[in-house]
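We use all heavy atoms of the structure for the numbers below, so side chains are in, but hydrogens, waters and symmetry mates are not.
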Amino acid sequence: MTLRCDWSALALAVGAVVSVDDAPGLWRIEEREWEGMAVRLALARQVPGAGPMMPGAASSGAIVRQVDAPRMGRRIWRSPNCRRA
């Protein structure tokens, strides 16, 4: 999903987990770009219980620890700040 937001979205970092009005679940910010006096956010759905991808160098004997997922994301208010692109 892609959103176009006002300048307040600059406070959101790539990798942050957010919730979006009218879209169930949590979303991870994959890209944040400043364009045409607006901020474009590219979001990917965050699957519950899924951690970050395993490193490419991991072997069957290596311990790969899961990073704790935040319990609650930040809310992006879609009206009037954000709209789907």
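Taking every heavy atom of both residues into account, Trp7 and Val39 meet most closely at CA-CG2, 4.3 Å. Contact between Arg4 and Gly36 at its shortest, heavy atoms only, is NH2-O, 4.0 Å.
Proximity of Trp34 to Leu10: side-chain heavy atoms (C-beta onward) are separated by under 4.5 Å at one or more points.
Summarising the geometry, atom CG belonging to Asp22 is positioned 9.0 Å from atom CE belonging to Met1; distances are rounded to the nearest 0.5 Å. Annotation: the span from Leu43 atom CG to Arg84 atom CZ amounts to 9.5 Å, rounded to 0.5 Å. Here CZ of Arg28 is found 15.0 Å from CZ of Arg45. Values are rounded to the nearest 0.5 Å. Between the CG atom in Leu12 and the SG atom in Cys5 there is a gap of 7.5 Å [rounded to 0.5 Å]. Distance check: Arg40 CZ to Glu33 CD gives 4.5 Å after rounding to the nearest 0.5 Å. In this structure, OG1 in Thr2 is found 9.0 Å from CG in Leu41, a value given to the nearest 0.5 Å.
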Please test Val18 against Ile29 for side chain to side chain contact (heavy atoms under 4.5 Å, CB included), starting from the C-alpha separation and ending with a verdict. CA-CA 8 Å; Val18 298; Ile29 299 175; 4.1 Å; yes
